[in-house]
Amino acid sequence: MKFSNSLIPTLRDIPANAEIASHILLLRGGFIRQLGSGLYTWLPLGVRVLQKVERIVRDELNKKDAQEVLMPFVQPGELWKESQRWEIMGPDLLRMQDRHENDYCLSPTHEEVITDLFRKNVKSYRQLPLNLYQIATKFRDEIRPRFGVLRSREFIMKDGYSFHLNEDSLHKTYIAMHEAYSAIFTRLALDFRSVEAHGGVIGDEENREFHVLADTGEDAIAYSAASSYAANLEKAEAVAPRETAPASETLTKVSTPNVRTINGLVECLDVPIERTVKTLIVQGEDSPIGLVLRGDHELHEIKAASLPNVLSPLTFTKESDVRHHVGCNVGSIGPVQLQIPYYVDRSAAVLSDFVCGANEDDFHLTGVNWNRDESLRNSAVQDLRKVVEGDPAPDGSGPLSILRGIEVGHIFKLGKKYSHTMNATVLDEQGESVNVLMGCYGLGITRLAAAVIEQKHDDVGPLWPIEIAPAQVHLVALNVSQSSAVAGAANQVYEQLTTQGIEVLYDDRNERPGVKFADADLIGIPYRITIGERGLKHDAIEYQHQREVKIELPLDQVVSTVLRDLN
RNA sequence: CGGGACGUGGCGCAGUUUGGUAGCGCACAUGACUGGGGGUCAUGUGGUCGCCGGUUCAAAUCCGGCCGUCCCGACCA
């Protein structure tokens, strides 16, 4: 690949609309261009990266006997109505009609199509298990596309689906996919975690997310350094830190004029925030419901919304209604004598001598105790809060740490969710018709390419892992148009490496050295060979791996050294 | 959807407050010089100032509407 006849539009300036490393560097290195919000064109170097990511993914999946298919990007609305997701999906699903006014959508995922394919073509348990995948374009009309290709609307995803007669078979494939994903990310030399997660609209049986750790990640990951426990914060279980201390204070009503917030309460009464309790009021099925948390803890909406009688999605009760039901403003609510049902978070439930609202404007209670104080004894305790750094891990292995991660893969057991609604059955050994069990395995190809940069870059450019670099070697020939010696040597190295099957980006342009070096940095190919007249005079060719120290090699050893390093 | 910002040659920006013939840097073309970290000089090419409407003798600039892009948020008392 010669630079002089390639489209590699590197940028000197930082593009105005890009903020994070992967977005900036993919633009500046000439890998992508934006077409519209959440829509990107992949340029030649970018396509090479994607193809290599895909190659690794195919390789690892094929090892596990998954088979590749390719399904349509445009799908009939009928199928989505059948699975009932036409109604459930909301505006993320981009819908349209054809000339006959039939409903269609751009596929955000392919459960419906694959299930339809399966039910029309597989009839016997003898054909199971079956594991099919594709690498294809998806469209999701995201609320807010951002961070370039990290959260775009149109993107490339590997999505796989498996079919099974029984749970045991499903589990085997689920584990096999877990292994395949781990192998893929390991080959990319990524620092990643597989974590417990929420299933979302796909399904909420057993599932696992794969995250590339990076500060710019949109998700928070709680993990235990002492064990393999790791969970997305949206799933992570919060366990109570310690046993209840005995009550020592007496219940006292204190005046707290104009105190409406926990911070105000802490200041007013000079109590530690860990000994305060706040009560949030959300809409329930019959009446509003109180959620009681320690003052310094944050409500976990997903946990709260899944509680019995609590409305999902979680909706906070309007302040005027709070006064109607509780008799005070939202800053003075507390569990003592609360006139509506409430749940207490585990960590709030182990407090003693704590402070809470008195359900009367401008008053709070101090010295409150769950077990001693009559109206509190039968409080319902639930996990309501987000975990924080230092919380005990649910597996008892020690304190939790929190890191940020980019979700690049997600594997699910779907069970019979789709086989049931879409009537996908096989005949079992007894000749009985049974719904198959399914699994579903997603992996973001375009996102993964960006996530790699988020984790592997420096000030001047990406540091691509060799497996997905746009080329293996960047050959920089300095002043080629002036020096026939340089041109001769560079051409020779280029020919020899190419003949050996090495991918070389050969910068044969008539550009100044500074331009070539800057572009090489922006492109980020791992091995760089620099040939200039100065070194050539004493038979010295520069050779450098990423940003490490350059070494000098005689011309006749360059090719063999590269071959050695690449194998 | 709520809040904020922005939209001026390919890219990055100034000009808008106070209306008066559209500018800078980079890139691009040609030539000369230069030749190991985005070089210098000279001469050039390229823009209906996002779109539509209004005010005005005159609009990038003022007013109204629309479109687009980015950022923050999408609840925590």
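Order of the sequence lines fixes the chain letters, A, B, ..., with proteins taken first and strands second; residue numbering starts at 1 for each chain. Given the structure is predicted, the values throughout are model-derived calculations rather than measurements. Hydrogens, waters and symmetry mates are skipped; everything else that's a heavy atom, side chains included, is used.
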Listed pairs under 3.5 Å, donor-acceptor, residues 259-267 of chain A side chains, sequence neighbours left out:
residue  : atom : partner  : partner atom : Å
A/Arg260 : NH2  : A/Glu319 : OE2          : 2.7
A/Thr261 : OG1  : A/Gly264 : N            : 3.0

Can I get a per-line list of side-chain donor-acceptor pairs under 3.5 Å for residues 548-559 of chain A, giving both atom names and the distance, sequence neighbours left out?
residue  : atom : partner  : partner atom : Å
A/Glu548 : OE1  : A/His545 : ND1          : 3.3
A/Glu548 : OE2  : A/His545 : ND1          : 3.0

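Nearest nucleotide to the side chain of A/Leu299, out of B/C76, B/C71, B/C1: B/C76. Distances from the side chain of A/Leu522 to the nucleotides B/C71, B/C70, B/G38 place B/G38 closest.
A/Ile281 comes within 4.0 angstrom of a base, heavy atoms only. Residue contacts shown for A/Ile143 include a base, since a base heavy atom lies under 4.0 Å away. A/Arg146 comes within contact range of the sugar-phosphate backbone alone, with a heavy-atom separation under 4.0 Å but no base atom that close.
A/Asp458 meets the side chain to side chain donor-acceptor pair (under 3.5 Å) test with A/Arg547; sequence neighbours excluded. Under the side chain to side chain donor-acceptor pair (under 3.5 Å) criterion, A/Tyr342 pairs with A/Ser379, sequence neighbours left out. Residues passing the side chain to side chain donor-acceptor pair (under 3.5 Å) test with A/Arg528 are A/Asp521, sequence neighbours excluded. Listed by chain and number, the residues in a side chain to side chain donor-acceptor pair (under 3.5 Å) with A/Asp459 amount to none (sequence neighbours excluded).
The salt bridge (Lys or Arg N to Asp or Glu O under 4.0 Å) contacts involving residues 14-35 of chain A comprise nothing, where partners must be two or more places apart or lie in separate chains. Among residue pairs with one or both ends in residues 308-341 of chain A, none qualify as ring-ring contact (aromatic ring centres under 6.0 Å, His included); sequence neighbours excluded. Residue pairs meeting the side-chain hydrogen bond (donor to acceptor under 3.5 Å, both in side chains) criterion with at least one member in residues 486-498 of chain A, sequence neighbours excluded, are A/Asn491-A/Tyr506.
Of the candidates A/Lys386, A/Lys303, A/Arg385, A/Arg346, A/Arg346 is the only one forming a salt bridge (charged side-chain N to carboxylate O under 4.0 Å, His left out) with A/Glu237.
The residues A/Glu209 and A/Lys235 are annotated as not salt-bridged, no charged nitrogen and carboxylate oxygen being separated by less than 4.0 angstrom.
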Strictly under 4.0 angstrom, non-hydrogen atoms only: write out the protein contact profile of nucleotides 25-36 of chain B, one letter per nucleotide from the 5' end, B, S or -. BSS------BBB
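Rounded to a whole Å, the CG atom of A/Asp519 is 15 Å from the P atom of B/G37.
Using a 4.0 Å cutoff on non-hydrogen atoms, the parts of residues 31-39 of chain A near RNA chain B are A/Gln34, A/Gly36, A/Ser37, ordered by number. The stretch residues 258-268 of chain A touches RNA chain B through A/Arg260, A/Thr261, A/Ile262, each having a heavy atom within less than 4.0 Å of the strand.
Nucleotide B/G68: paired with B/C6 (Watson-Crick or G-U wobble, both distances less than 3.5 Å).
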